[in-house]
Number of protein chains: 2
Amino acid sequence: MSVKYSLLALLERGPAYGYQLRAAFESATGNTWPLNIGQVYTTLNRLERDELVEALPENDSGQRPYRITETGRRHLAGWFASPVQAADRPRDELTIKLALAVTTPGVDVADVIQRQRGATLRLLQEYTRLKVAEENAELAWRLVLESMIFRAEAEIRWLDHTEAVVARAELPAPFPFAVEEPTSADATPEHNRTRTH
Amino acid sequence: MSVKYSLLALLERGPAYGYQLRAAFESATGNTWPLNIGQVYTTLNRLERDELVEALPENDSGQRPYRITETGRRHLAGWFASPVQAADRPRDELTIKLALAVTTPGVDVADVIQRQRGATLRLLQEYTRLKVAEENAELAWRLVLESMIFRAEAEIRWLDHTEAVVARAELPAPFPFAVEEPTSADATPEHNRTRTH
DNA sequence: CGACACATGTAACACGTTACATGATTTG
DNA sequence: CAAATCATGTAACGTGTTACATGTGTCG
């Protein structure tokens with residue numbers, strides 16, 4: 001759905017052709033999510049079929065620009081007006097991987113967590129570096145970057161939390177009065193930890 | 001990829017047939033991500049074609065169980081050993097929506113943010129409620145739930161942050177000495193805010 | 001008996017990626 | 001001129017969803 005509505009949103013600025021739309025999308029998201037040009041054309045075809053956009057006559061340079069229709073404008077407004085729901089979100093690969101890791105024989109969960117934390121930490125450092133470098137970049141791209149930073153931080157917090165939970169779960173419950181860690185106590189950022197493990 | 005490797009992981013516990021695999025997957029993820037039964041069968045067919053699983057003879061009850069192969073075991077181990085990279089992650093619909101909202105004419109960004117915060121806040125409350133209710137549930141499902149909580153919290157922090165950034169950006173830069181908010185100063189949880197807007 | 005859960009499958013379609021084909025224009 | 005960029009498209013395939021078809025077993 002993202003690409004479909006993204007193209008509509010970009011066309012709301014004014015008519016544009018496929019190649020321009022890809023450039024505009026990648027510029028707005030700072031190349032975080034490269035957009036395949038083939039997909040742009042097939043999506044534009046579907047949008048035209050559904051009458052959300054209309055093709056304008058091919059111009060002198062052989063470009064085929066599209067214009068958003070009134071119907072398209074309504075669909076786009078609906079997209080902006082309706083929040084992203086839980087059901088809209090794709091399955092999260094990392095969450096599934098760890099959830100299955102704890103019940104798959106022969107898997108060293110601590111090791112899986114450690115590798116992932118390394119990768120995510122490197123990612124977070126790269127994002128942080130970019131944030132400094134791109135302080136005056138487009139607003140849209142800065143928002144995307146900050147979103148990536150918040151997500152990466154949350155992921156590291158979850159990994160740290162999960163590591164503790166799993167370590168505790170592997171001990172065969174010493175006695176019924178389990179030590180309960182206060183909720184979100186481990187939400188404190190503690191990134192600068194290298195973990196030689 | 002998630003489904004393919006999830007089925008391999010579940011088969012690593014022992015042979016199972018399609019219907020069982022779906023039940024096991026949904027039980028491990030606490031129905032967070034329902035798994036279409038049709039997809040289970042088509043994925044099993046592809047896995048069999050690629051020799052990552054092998055079909056066992058149909059039993060008396062008309063069930064067709066599958067067993068993971070050595071090749072399948074290697075692929076699965078590779079999945080667990082390699083971290084989820086930035087490039088593996090799908091485009092994030094909410095991030096894209098807000099990034100495009102700020103440059104699409106006629107869009108009230110503050111309104112979009114406010115609606116999304118409402119939806120995510122309700123989600124977070126539901127997850128928190130579940131966390132209390134399911135304290136003794138399967139470890140895998142508890143991990144999934146906590147992952148959802150960490151993500152929802154991060155999303156709300158990002159929405160709050162973005163709201164502030166956008167509000168500031170809409171002012172036509174009063175004078176060059178811009179007031180710089182300290183990084184992550186707004187990372188403080190402030191969920192219990194109803195915002196009549 | 002009728003409804004429901006169990007169980008396997010197929011068809012059609014949307015969305016996404018990779019790769020290929022083709023041609024015009026620009027630039028070193 | 002050669003290579004890169006601009007520009008449009010198609011084919012094949014993987015992944016995911018919805019809907020349909022079909023049959024067995026169980027339970028009220």
Side-chain angles (χ1 to χ4, degrees), chain A residues 1-8 10 15-27 29 31-50 52-53 55-66 75 79 84-93 96, chain B residues 1-8 10 15-27 29 31-50 52-53 55-66 75 79 84-93 96:
Chain A
M1 294 279 92
S2 302
V3 172
K4 168 180 164 183
Y5 288 108
S6 296
L7 297 187
L8 281 181
L10 294 171
Y17 52 88
Y19 212 78
Q20 280 182 325
L21 290 167
R22 179 177 70 162
F25 180 88
E26 295 194 340
S27 143
T29 61
N31 307 298
T32 304
W33 296 295
L35 178 54
N36 184 271
I37 185 64
Q39 196 186 350
V40 174
Y41 293 117
T42 51
T43 304
L44 282 172
N45 282 334
R46 278 195 291 260
L47 285 171
E48 189 183 13
R49 180 200 57 191
D50 300 340
L52 305 184
V53 305
L56 298 178
E58 183 171 335
N59 65 23
D60 313 3
S61 329
Q63 298 152 347
R64 301 200 53 82
Y66 287 83
H75 278 244
W79 185 56
V84 177
Q85 305 281 158
D88 302 335
R89 307 185 198 243
R91 288 187 265 267
D92 183 68
E93 188 173 343
I96 290 175
Chain B
M1 294 281 91
S2 301
V3 172
K4 169 180 163 184
Y5 288 107
S6 295
L7 296 187
L8 281 181
L10 294 171
Y17 53 88
Y19 212 79
Q20 280 182 324
L21 290 167
R22 178 177 70 162
F25 180 89
E26 295 194 339
S27 144
T29 60
N31 307 297
T32 303
W33 297 295
L35 178 55
N36 183 271
I37 185 63
Q39 197 185 349
V40 174
Y41 294 117
T42 52
T43 304
L44 283 172
N45 282 334
R46 278 195 291 260
L47 285 171
E48 189 183 12
R49 180 200 59 191
D50 300 340
L52 306 183
V53 306
L56 299 178
E58 181 171 339
N59 65 23
D60 313 4
S61 329
Q63 298 152 346
R64 301 201 51 84
Y66 287 83
H75 278 242
W79 186 57
V84 177
Q85 305 280 159
D88 302 335
R89 308 186 198 241
R91 288 186 264 267
D92 183 68
E93 187 173 345
I96 290 175

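What you are looking at is a predicted structure, and each value in this text was computed from that prediction instead of being measured. Per chain, numbering begins at 1; letters A, B, ... match sequence-line order.
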Subject >> Tyr41(A), nearest nucleotide to its side chain (from dA14(C), dA7(D), dG9(C)) >> reply: dA7(D)
Original post:
Which nucleotide in the set dC15(C), dG16(C), dT17(C) lies at the smallest distance from any side-chain heavy atom of Asn36(A)?
Top reply: dT17(C)
Original post:
Can you tell me how far C1' of dG23(C) sits from CD of Gln63(A), to the nearest Å?
Top reply: 14 Å
Subject >> Ile37(B) CD1 - dT17(D) C1' separation (whole Å) >> reply: 14 Å
**OP:** Can you tell me the distance, in whole Å, between the CG atom of Leu56(A) and the P atom of dT8(D)?
**Re:** 12 Å
Original post:
Looking at dA14(C), dG14(D), dA7(D), which one has an atom nearest to any side-chain atom of Tyr17(A)?
Top reply: dA7(D)
Original post:
What is the distance from CE of Met1(B) to P of dT18(C), rounded to the nearest Å?
Top reply: 12 Å
**OP:** Quickly work out the Glu48(A) CD to dG9(D) C1' distance and round it to whole Å.
**Re:** 14 Å
Original post:
His75(B) NE2 to dG14(D) P: how many Å, rounded?
Top reply: 14 Å
Subject >> Minimum-distance nucleotide to Arg64(B) side chain [options: dC6(C), dG9(C), dG9(D)] >> reply: dG9(C)
Original post:
Is a side-chain N or O of Arg89(A) found less than 3.5 angstrom from the main chain of Val84(A), in a donor-acceptor match?
Top reply: yes
Original post:
Starting at CD of Gln39(A) and ending at C1' of dT8(D), how long is that distance when rounded to a whole Å?
Top reply: 16 Å
**OP:** Calculate the interatomic distance between Leu44(A) atom CG and dT8(D) atom P; express it in whole Å.
**Re:** 9 Å
Original post:
What is the minimum heavy-atom distance between Glu93(A) and Asp88(B), and which atoms define it?
Top reply: OE1-CB, 4.5 Å
Original post:
Taking the side chain of Tyr19(A) as its heavy atoms from C-beta onward, which of dC15(C), dA7(D), dT15(D) lies nearest to it?
Top reply: dA7(D)
**OP:** State whether Tyr19(B) and Arg22(B) meet the cation-pi test: NZ (Lys) or CZ (Arg) under 6.0 Å from the six-membered ring centroid, and within 45° of the perpendicular axis.
**Re:** yes
